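The next block holds one structure in the form of structure tokens; read it before the comments.
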Amino acid sequence: MYLAQQKQLEERLRSALRNLYHIDVESVVLEQPPDLAFGECATPLAFELARKLRKAPRKIAEEIVAALGTVPGFAAFEVAGAGYINARLDRAALVQSYAIDLAPASESRSGQLLHALVEHTSINPNKAAHVGHLRNAILGDTFVRLLRAAGHKVDVQNYIDNTGVQVADVVVGLTHLEDLSLAGVEEVISELADSGERIDFYCWDLYARVSQWYTADPAQAEARKKIRLDTLHAIEAGGNESAHIAELVSTAILRRHLETMLRLDIEYDLLPRESEILHLHFWDLAFAQLKAKGVLYFETEGKNKGCWVMKRAGSTRTGDALRDPDENGDAADGPDEDAKVIVRSNGTVTYVGKDIAYHLWKFGLLGRDFAYRRFFRYDDRECWISAEAGEPNHPHFGGAQAIYNVIDSRQSDPQANVIEALRGLGYTEQASRYTHFSYEMVALTPRCALELGYDVLEEDRARPYIEVSGRKGFGVKADDLIDKLIAATRAEVDSRHPELSEAERDATARAIAVGALRYFMLRYTRNSVIAFDFKDALSFEGETGPYLQYAVVRTRSIFRKAGTTPEEALTALEGVDVAPYLSGEGTEGIWEVWLRAAKTTLLLDQCIQTAEPAYLAKHAFQLAQDFSNFYRLHHILSEENPARKKLLLAAAAVTQRELIRSLAWLGISAPEVM
RNA sequence: GGGCGAGUAGCUCAAUCGGAUAGAGCACCGGCCUUCUAAGCCGGGGGUUGUGGGUUCGAUUCCCGCCUCGCCCA
């Protein structure tokens with residue numbers, strides 16, 4: 001709702017500027033003043049114009065205000081300070097219109113609706129998911145929810161690198177360290193399943209062991225390196241024992257990853273796999289396009305001699321200019337040593353090359369498709385997996401208009417190269433709708449690492465954080481963290497609500513645990529490194545998920561005791577003169593709740609535009625805080641003035657509606673009691 | 001060596017295109033459970049925004065130099 005008022009005001013300001021000074025401004029800055037006493041909305045427009053118009057800002061502000069006249073939704077405009085233009089909303093009108101619910105999509109839509117493809121999680125299927133993967137999956141899943149809330153069609157993909165070196169390492173571990181054949185591996189998998197153990201946990205340790213084994217004995221290092229490489233090549237080629245073991249174990253681990261993520265209400269539509277990208281020869285088609293358009297060229301000299309290379313993203317050199325002396329005669333002469341190798345001189349394609357092919361598919365530009373099989377069943381839908389030969393009636397995947405790749409910031413270089421290749425192929429529209437949704441890693445605090453029993457080097461103990469490493473088996477496993485969170489919340493729920501049934505206590509504890517974890521991963525902006533510590537992650541007080549859930553629970557309690565529902569409370573507001581209770585003595589905190597609640601869709605838009613879910617997390621927290629303040633100042637159930645009581649009850653209702661909505665977008669549900 | 005990101009309260013983080021008195025949480029200190037749930041609320045102490053310059057009416061924000069840390073590339 002508030003978004004509509006802002007747009008209205010912006011339009012009127014623009015037209016006032018055109019009429020008064022015959023100027024068009026690029027953007028109109030609208031911000032909230034530091035204190036509501038100044039109004040709800042302000043613009044420093046007059047300051048910017050002062051120089052251009054050779055006039056005092058205050059004078060300009062006065063002229064603009066005079067020219068504005070009345071604007072629907074606003075009660076007054078005034079000039080403040082040296083030249084701020086402050087706007088006061090028509091509070092009663094906003095409250096009345098906001099009491100009527102609107103679907104967020106209908107008002108937040110600022111651009112066209114797109115078919116978007118979000119790829120996230122993408123864990124190598126060779127070990128258990130850890131906290132870093134949780135950040136990825138939670139960010140990605142939350143962004144999916146935001147896009148869907150705004151009305152976009154979204155496909156969720158989880159890319160599986162099942163033929164990479166990490167999987168090869170586990171296969172080496174199984175065949176050489178554990179000395180297992182294919183049948184032996186099948187047996188181990190079923191034994192683990194029978195005893196309730198997690199295959200991904202088993203491989204977590206095995207992976208760390210094999211990594212160590214490669215270099216443990218210098219005399220054997222060369223031979224073991226060869227085993228590793230041979231295994232990798234066998235897996236890539238397919239149709240042999242190593243490939244079968246890889247398929248078996250990576251698929252079992254993949255299922256575990258899906259189960260882990262499902263604990264956090266994270267689901268996928270499709271699992272495209274590296275093996276199909278290889279076996280269906282996606283690269284051949286991409287290679288032909290890249291050569292035809294001159295994006296790739298064959299290097300004939302220098303260190304990349306014999307390779308197919310492309311200009312690196314950000315490089316000023318262009319492919320064609322490389323061979324021709326520059327006009328000034330300096331530079332661009334000789335091979336571009338900085339060029340990115342796409343096909344090595346031995347004919348193998350690099351990871352970036354395969355990624356280009358895959359992204360052409362995502363945009364529907366490759367000219368070939370996967371086959372598909374059903375893989376994992378959710379309550380209300382199916383998750384499909386890529387295949388060489390699949391089922392006949394599958395949904396259509398790929399061919400998206402916009403893509404978002406949730407990948408940590410260490411991958412920004414290869415991501416930039418894929419975008420560069422798309423642009424080089426002439427797909428500029430697609431390149432501009434390709435978002436590397438990057439985020440910083442989750443690292444461990446030295447204290448946390450010591451707590452977990454890892455050796456921490458003396459020089460690392462003073463550092464703020466230490467990078468996790470799957471190869472070293474160093475990190476916090478996702479399921480372990482979720483288990484701990486549930487154990488902690490369950491104990492608390494048991495002591496607070498012994499009257500609830502076992503199932504209810506279970507569901508409540510789980511909701512709170514998920515809320516704590518998801519909020520923890522979302523409260524940090526993307527480019528901030530999270531230094532993980534159990535103390536912070538297991539906290540349920542202050543700026544945490546449970547704090548937000550608690551605010552909802554309080555509103556629920558109010559409606560239970562009032563014998564009404566939020567919907568009824570909002571409907572009952574119709575025709576009530578609420579203006580006397582929205583400003584002045586004794587009304588503190590009431591309007592703040594309405595204003596904050598009204599901004600939810602504004603935040604939805606902002607989060608999508610900036611690909612930053614943290615803003616919504618912060619907004620929801622602030623709404624809960626505003627409600628807590630309101631809750632303290634105004635006792636709703638004992639209110640004697642009927643009109644005022646209706647407004648207070650409606651304020652609780654609108655808080656509940658917007659908090660539940662915001663929490664749902666964050667993937668957090670609010671329990672009935674807690 | 002090149003590229004990207006970061007440096008804000010004791011700690012962990014915010015701060016919308018450059019805007020009004022730089023905000024939260026944690027920790028610490030002091031209060032509040034016999035009125036709608038204390039996973040809560042109120043109050044308090046805490047800041048030369050790494051550093052030196054520049055641009056501007058106005059800089060945590062933009063530009064340049066330097067220092068420190070992280071990541072990526074070669």
Side-chain angles (χ1 to χ4, degrees), chain A residues 25-35 37-38 42-48 50-51 56-58 80-84 86 303 312-315 337-340 408-417 438-441 443 445 463-467 488-489 492-493 496-497 512 515-516 520 523-533 535-536 539-551 553-562 602-603 606 609-610 612 614-615 617-618 621-622 624-625 627-639 648-649 652 671 673-674:
Chain A
V25 287
E26 276 183 38
S27 60
V28 176
V29 177
L30 292 178
E31 57 197 21
Q32 175 154 356
D35 191 319
F38 294 114
T43 178
L45 206 53
F47 294 110
E48 295 165 32
R51 175 176 280 253
R58 192 162 173 104
Y84 280 98
N86 291 337
K303 62 170 186 163
R312 186 176 292 282
S315 162
E337 293 280 318
D338 192 41
K340 180 72 194 169
D408 75 61
S409 60
R410 287 171 291 194
Q411 296 290 320
S412 60
D413 196 56
Q415 286 286 298
N417 285 319
S438 86
Y439 64 94
E440 272 291 348
M441 61 185 169
T445 63
R463 297 171 55 189
Y465 54 82
I466 313 170
E467 192 175 355
T489 52
E492 197 64 32
V493 171
R496 287 175 189 236
H497 297 285
I512 297 169
F520 178 78
R523 57 180 290 207
Y524 302 92
T525 49
R526 287 184 288 120
N527 58 3
S528 157
V529 176
I530 297 182
F532 183 87
D533 196 315
K535 180 175 77 65
D536 301 327
S539 165
F540 306 126
E541 289 166 19
E543 193 183 345
T544 65
Y547 177 92
L548 308 194
Q549 293 168 315
Y550 190 70
V553 164
R554 278 175 149 179
T555 63
R556 291 201 157 124
S557 182
I558 291 168
F559 290 103
R560 251 194 320 271
K561 300 220 165 159
L602 192 68
L603 267 294
Q606 195 192 350
Q609 275 165 26
T610 56
E612 181 53 89
Y615 297 142
K618 180 69 84 181
F621 172 64
Q622 287 170 334
Q625 269 191 324
F627 176 73
S628 288
N629 186 42
F630 163 84
Y631 183 87
R632 168 180 64 95
L633 293 170
H634 307 282
H635 198 270
I636 301 170
L637 298 182
S638 61
E639 175 58 49
L648 296 178
L649 210 48
V673 296
M674 63 186 279

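Predicted model, so just to flag it, every value in this text is computed and none were measured. Every chain is numbered from 1 and lettered A, B, ... according to where its sequence line falls, protein lines coming before strand lines.
In this structure a side-chain-to-backbone donor-acceptor pair under 3.5 Å is missing from A:R312 to A:D413. The backbone N or O of A:L30 sits nowhere less than 3.5 Å from a side-chain atom of A:T43 that would complete a donor-acceptor pair. With hydrogens and angles ignored, the 3.5 Å screen pairs a side-chain donor or acceptor of A:S628 with a backbone N or O of A:A624.
Toward the 5' end of RNA chain B, the nearer of the two residues A:R556 and A:N629, judged by each one's closest nucleotide, is A:R556. Nearest-nucleotide assignment on RNA chain B puts the 5′-proximal partner with A:T610, out of A:H635 and A:T610.
Using a 5.5 Å limit on the distance between ring centres and a 30° limit on the angle between planes, the aromatic ring of A:Y84 counts as stacked on the six-membered base ring of B:rA20.
Contact annotation for A:Q622: no contact, since no heavy-atom pair falls under 4.0 Å across all strands. Note on A:N417: nothing from the nucleic acid sits closer than 4.0 angstrom, heavy atoms only. Looking at heavy-atom distances under 4.0 Å, A:F540 makes contact with a base. Within 4.0 Å (heavy atoms only), A:V25 reaches no atom of the nucleic acid at all. Within the 4.0 angstrom heavy-atom criterion, no nucleotide atom of any strand lies near A:A416. Within the nucleic acid shown, A:F621 comes within 4.0 Å of sugar-phosphate atoms alone, with no base atom in reach, counting heavy atoms only.
Taking the six-membered ring where tryptophan is involved, the planes of A:Y547 and A:F621 are tilted, since the angle between them lies from 30° to 60°. Below 30°, between 30° and 60°, or above 60°: for A:F520 and A:Y524 the angle between ring planes is above 60°, a perpendicular geometry.
Rounded to the nearest 0.5 Å, atoms OG1 (A:T544) and CG (A:D536) are 11.5 Å apart.
For the C1' atom pair drawn from B:rA22 and B:rG46, the interatomic distance equals 14 Å after rounding to whole Å. One P atom belongs to B:rG44, the other to B:rU8, and the distance between them is 25 Å to the nearest Å. Between the P atoms of B:rA9 and B:rG50, the separation comes to 8 Å (whole Å).
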Subject >> nucleotides 68-74 of chain B: protein proximity per nucleotide (B base, S sugar-phosphate only, - neither; heavy atom, under 4.0 Å) >> reply: --SSSSS
Under 3.5 Å between N/O atoms: give me all the protein pairs with nucleotides 26-34 of chain B, atom names plus distance.
none

Got a list of protein N/O to nucleotides 57-63 of chain B N/O distances below 3.5 Å?
| unit_1 | atom_1 | unit_2 | atom_2 | d |
| --- | --- | --- | --- | --- |
| B:rC57 | OP1 | A:R51 | NH2 | 2.9 |

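Of the candidates B:rC41, B:rA20, B:rA39, the closest approach to any side-chain atom of A:A80 belongs to B:rA20. Which of B:rC36, B:rG25, B:rG40 sits closest to the side chain of A:I636 comes down to B:rC36. Nearest nucleotide to the A:E31 side chain, out of B:rC36, B:rC42, B:rG19: B:rG19.
Heavy atoms of other residues, nucleotides or ligands lying less than 6.0 angstrom from CZ of A:R560 number more than 12.
Residues meeting the side-chain contact (heavy atoms from CB on, under 4.5 Å) test with A:Q606, sequence neighbours left out: A:L603, A:Y615. In terms of the side chain to side chain donor-acceptor pair (under 3.5 Å) criterion, A:E612 has no residue partners (sequence neighbours excluded).
In this structure, the CD1 atom of A:I512 is 8 Å from the C1' atom of B:rA39, given to the nearest Å.
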Original post:
Given the rule that a pair is Watson-Crick or G-U wobble with both distances under 3.5 Å, how would you write RNA chain B in dot-bracket, using | for pairs to a different strand?
Top reply: (((((((..((((.....[...)))).(((((.......))))).....(((((..]....)))))))))))).
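In this structure B:rC26 sits in the anti conformation; its chi angle is more than 90° from 0. Base orientation of B:rC33: syn, the glycosidic angle falling within 90° of 0.
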